[in-house]
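Have a look at the structure below before the remarks.
Counting starts at 1 for both ligands and their atoms, in listed order.
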Amino acid sequence: MSKAELLAPAGSLEKAKIAFMYGADAVYAGTAKLSLRSRAELNDDSLEETIKYAHSIGKKVYVALNIYANDTDYDEIENQIKILKKVKADAIIASDPGVIMKIKEIAPEIDIHISTQANTVSLHAANFWRSFGAKRVIISRELSKERIKYIMDNKPDDLEVEMFIHGAICYAYSGRCYLSKYLANRCANQGDCAQPCRWQYKVTAQEVNNPDSVLNVDYDDKGTYIFSSKDMCLIKQIPTIIEMGIDSLKIEGRLKTDYYLATVVRAYRKAIDDYNKLKEAGRESEYDASKYLVELEKVKTRGLSEFYFSDDQNQDIHDFDGKSENLEYEYGAKVVEKVDKDMYIVEIKNKLSIGDRLEILLPNTIEDCSFNIENLYDIKNDQPIDTINPGIKGQKVKIKIPYELQEGTIIRRKR
Ligand code: SF4
């Protein structure tokens with residue numbers, strides 16, 4: 001059995017470093033112009049730097065060029081493919097057959113991964129993409145466990161399969177949604193979704209012959225997030241997914257913070273590694289996802305669900321609560337450098353005060369590493385302070401931390 005890859009999002013070099021530090025084998029990013037997260041992507045220079053960095057530590061970078069292109073986009077598409085060839089991207093993620101033809105023409109040496117946007121929902125479709133030159137298909141999020149298993153059991157050996165295991169999910173069939181174009185004039189299929197499915201709506205009714213008779217229709221006091229789906233979470237299904245032989249396990253979230261990224265990547269890294277170790281020891285039945293789930297719950301912004309992968313087709317997949325704002329933890333700080341024994345400069349992300357409870361996200365363990373802040377020092381004059389607010393972006397403070405930490409380590413704060 002080949003080792004499954006853990007694949008994480010990275011909208012910047014900084015995020016790629018965090019993802020790798022916390023256990024990702026590969027990251028995916030987009031070019032600023034032609035991917036489906038056009039507001040959170042790498043420009044050409046940072047893309048090259050990210051790929052160089054990844055290759056220097058034996059990791060990979062896949063680059064999304066997955067818009068459904070207009071004919072007027074093709075000059076820029078050719079330009080981007082030439083750049084990806086020059087910077088040695090490990091694969092290009094694409095969905096539009098026209099774009100794929102261009103990749104084969106200009107950069108035949110680069111692997112092609114078929115984006116989830118292409119909605120590969122069957123073995124026949126997977127075979128089509130293989131015959132069209134794809135190295136990998138990212139299967140549709142709308143597939144049940146049985147349908148994924150059928151594809152895995154019958155696909156050609158040299159076709160890799162990637163699937164989403166965690167993150168936001170569209171209320172519509174992924175990639176076939178016009179809500180954003182309709183309500184915000186921002187087209188999801190051109191990389192510019194405004195996520196109107198997450199907005200709060202008011203449903204009204206009106207008696208047609210009486211324009212003044214507008215009535216609010218309330219399902220219940222939470223019933224107004226009518227389009228918002230919960231987030232996908234398949235942490236309990238890691239053994240099944242590994243045993244199916246899925247090649248790459250993908251985390252969604254190119255717009256999320258590095259704190260979210262570190263937490264989610266670390267939880268899945270540990271889950272995969274722990275399961276593999278249990279299996280080697282013949283104890284795979286002991287896999288228990290509860291401790292990883294506790295971690296994921298700390299950063300969830302919506303409810304979690306297994307969606308189509310679950311046998312329970314009556315599960316509640318709708319997020320009537322809207323965005324969760326009462327999480328027990330928040331992003332506290334990120335380690336910038338070690339300056340002395342137990343003393344670190346950290347960039348603060350939320351207010352820190354003496355006595356606050358902080359938890360360190362150590363990269364190789366999810367065991368509890370918490371402490372209360374005893375000392376904070378102003379970095380300008382080294383004087384002790386009681387509290388500090390983030391204020392300007394990049395605000396830093398010196399803090400005593402009783403653990404050995406590396407640069408980039410994420411620290412969360414109990415609210
Ligand atoms: S509006 Fe929502 S459902 Fe539609 S593409 Fe955007 S995220 Fe997906």
Show the atoms of ligand 1 that are less than 4.0 angstrom away from any heavy atom in Y171.
3 (S)

Could you walk me through whether K236 and E306 satisfy the salt bridge (charged side-chain N to carboxylate O under 4.0 Å, His left out) test, starting with their C-alpha distance in whole Å, then the side-chain angles of each, then the deciding distance to 0.1 Å, before giving a yes or no?
CA-CA 9 Å; K236 291 183 188 163; E306 294 187 347; 5.4 Å; no

Below 4.0 angstrom from a heavy atom of C177, which ligand 1 atoms are there? Numbered from 1 as shown, please.
1 (S), 3 (S), 4 (Fe), 5 (S)

Atoms of ligand 1 under 4.0 Å from any heavy atom of A188, numbered from 1 in the order shown, are 5 (S)

Is the distance between atom 2 (Fe) of ligand 1 and the nearest N/O/S atom of C197 smaller than 2.8 Å?
yes

Closer than 3.5 angstrom, by distance alone: can the side chain of H166 be matched with the main-chain N or O of V265 as a donor-acceptor pair?
no

Just checking, K104 and F132: is the charged tip under 6.0 Å from the six-membered ring centre and within 45° of the axis?
yes

Taking atom CG of D75 as the centre, does the number of heavy atoms from other residues, nucleotides or ligands within less than 6.0 Å exceed 12?
no

Side chain, backbone, both or neither: which applies to C193 and ligand 1 if a contact is any heavy-atom pair less than 4.0 Å apart?
side chain

Taking 4.0 angstrom as the limit and counting only heavy atoms of C170, give me the atoms of ligand 1 inside it, by number and element.
3 (S), 5 (S), 7 (S), 8 (Fe)

Rounded distance (nearest 0.5 Å) linking atom OG1 of T263 with atom CG of D258:
9.5 Å

